[in-house]
Number of protein chains: 2
Amino acid sequence: MAQDRPPSNRSTTQRAAVLRAVESVHTHPNAEEVYRLVRKNMPNISLATVYRNLHLLADEGKLREVQFLGDVLRYDAMTDPHEHFYCRACHRVWDLDSSLPETVLRATERKTHGSIERYALDYYGLCSHCRKSTTSRD
Amino acid sequence: MAQDRPPSNRSTTQRAAVLRAVESVHTHPNAEEVYRLVRKNMPNISLATVYRNLHLLADEGKLREVQFLGDVLRYDAMTDPHEHFYCRACHRVWDLDSSLPETVLRATERKTHGSIERYALDYYGLCSHCRKSTTSRD
DNA sequence: TCCACTAATAGTAATTATTCCTATTAATGG
DNA sequence: CCATTAATAGGAATAATTACTATTAGTGGA
Ligand SMILES: [Mn+2]
Ligand SMILES: [Mn+2]
Ligand SMILES: [Zn+2]
Ligand SMILES: [Zn+2]
């Protein structure tokens, strides 16, 4: 039974532009924001193409998907393991160095009913800017 | 300037039923699943009421919102800090004891641009059941 | 116990985010 | 340069959530 090999991904200008857009910012943009960025240079790329390529690039490991409570999927060009702080007021994201000790990861691997392929450690709160300008609530 | 106090939440049978539904399962149900559960005893509760009360109960700290990559909001009656393993194939969730050392949390608190109110540590992979029954890919 | 007030609900419409569909375009290997 | 077919543009469809509004039902006082 001949394995039908997966079609090799063609390299399109759209795909390259989507990747470059995410790499060009440190804001962890969502699909809509990537769409806006790419359209500056490629005014009639379609939104569906942006979505398709974001997923594809994430599958290939060139981008990382991140998502915070109640927010939509966002994309991160920093694929090395690291953690995030998410401000619940302005929805901005800060990168944090990896702080989860290897020992913790190993211990969880033992306890868990499955194999751990990845993890997300997300911190939530108010950023210093929003702490000044608001009276605590959202 | 007189503070107009927030209206005190009335206790409705719907709200109690929503809370009980989430407490009755360990599956971390989403709104639709809670809706199905509640309708067994309260056949014409509306979906909007379920959504509204889930949010409200989360605000009150009686429920905790959780969300995994690419999935919708789910609810957890276990409000004490703990962590999760999420199977990317069957989308089931396992509770894990808290494994993030206090020292790590403190260190992050110093590094971070804001104050940490909560965090989520989510592990992703294939559960043992799905590892047996599938040929690796989703 | 009754009532007035108004928060909460049921039912439905609207919105948002994402995926699906399909005719057309363009990357690629020969 | 072609033939093949993956990928795209544009728009329709779907899924999840929120908004709207007439009606219902908690609640605190009389
Ligand atoms: Mn990041
Ligand atoms: Mn849990
Ligand atoms: Zn902020
Ligand atoms: Zn599984």
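Values below: all heavy atoms of this structure, side chains included; hydrogens, waters and symmetry mates excluded. Within every chain, numbering begins at 1; the chains are lettered A, B, ... in the order of the sequence lines, protein sequences first and strands thereafter.
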Per-nucleotide protein contact string for nucleotides 15-22 of chain D, where B marks a base within reach and S marks sugar-phosphate only (heavy atoms under 4.0 Å, - for neither): -SBBB---

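Legend: residues meeting side chain to side chain contact (heavy atoms under 4.5 Å, CB included) with B:Asp95, ordered by chain and number and at least two apart, are B:His28, B:Asp76, B:His82, B:His84. B:Glu83 meets the side chain to side chain donor-acceptor pair (under 3.5 Å) test with B:Ser99; sequence neighbours excluded. With sequence neighbours excluded, no residue forms a salt bridge (Lys or Arg N to Asp or Glu O under 4.0 Å) with A:Asp59. Evaluation of the salt bridge (Lys or Arg N to Asp or Glu O under 4.0 Å) rule for B:Lys62 yields B:Glu60 as partners, not counting sequence neighbours. For A:Ser46, the side chain to side chain donor-acceptor pair (under 3.5 Å) criterion is met by A:Thr49, not counting sequence neighbours.
One interatomic measurement links the two molecules: CD of B:Glu60 to C1' of C:dA8, which rounds to 13 Å at whole-angstrom precision. Between B:Met42 atom CE and D:dA25 atom P there is a gap of 11 Å when expressed in whole angstrom units.
Residue B:Asn9 places at least one side-chain N or O closer than 4.0 Å to OP1 or OP2 of C:dA8.
Residue A:Val25 is found in a hydrophobic cluster whose other members, listed by chain and number, are A:Leu37; membership requires side-chain heavy atoms under 4.5 Å apart, directly or through intermediates. Under a 4.5 Å side-chain heavy-atom criterion applied to ILVMFWY residues, the cluster that includes A:Tyr124 comprises A:Val66, A:Phe68, A:Leu69, A:Tyr86, A:Val93, B:Val18, B:Leu19, B:Val22, B:Val34, B:Tyr35, B:Val38, B:Met42, B:Ile45, B:Leu47, B:Val50, B:Tyr51, B:Leu54, B:Leu57, B:Leu63, B:Leu73, B:Tyr75 as well. Grouped by direct or indirect side-chain proximity (heavy atoms under 4.5 Å, Ile/Leu/Val/Met/Phe/Trp/Tyr only), B:Val72 sits alone.
Under the 4.5 Å side-chain heavy-atom criterion for Ile, Leu, Val, Met, Phe, Trp and Tyr, A:Leu126 and A:Leu96 are members of distinct hydrophobic clusters.
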Using the 3.5 Å cut-off, write out each protein N or O paired with an N or O of nucleotides 22-27 of chain C and the distance between them.
{"residue": "C:dA27", "atom": "N3", "partner": "A:Arg10", "partner atom": "NH1", "Å": "3.3"}

Watson-Crick and G-U pairing of DNA chain C, under 3.5 Å, as dot-bracket with | and [ ]: ||||||||||||||||||||||||||||||

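Among residue pairs with one or both ends in residues 27-44 of chain A, none qualify as salt bridge (charged side-chain N to carboxylate O under 4.0 Å, His left out); sequence neighbours excluded.
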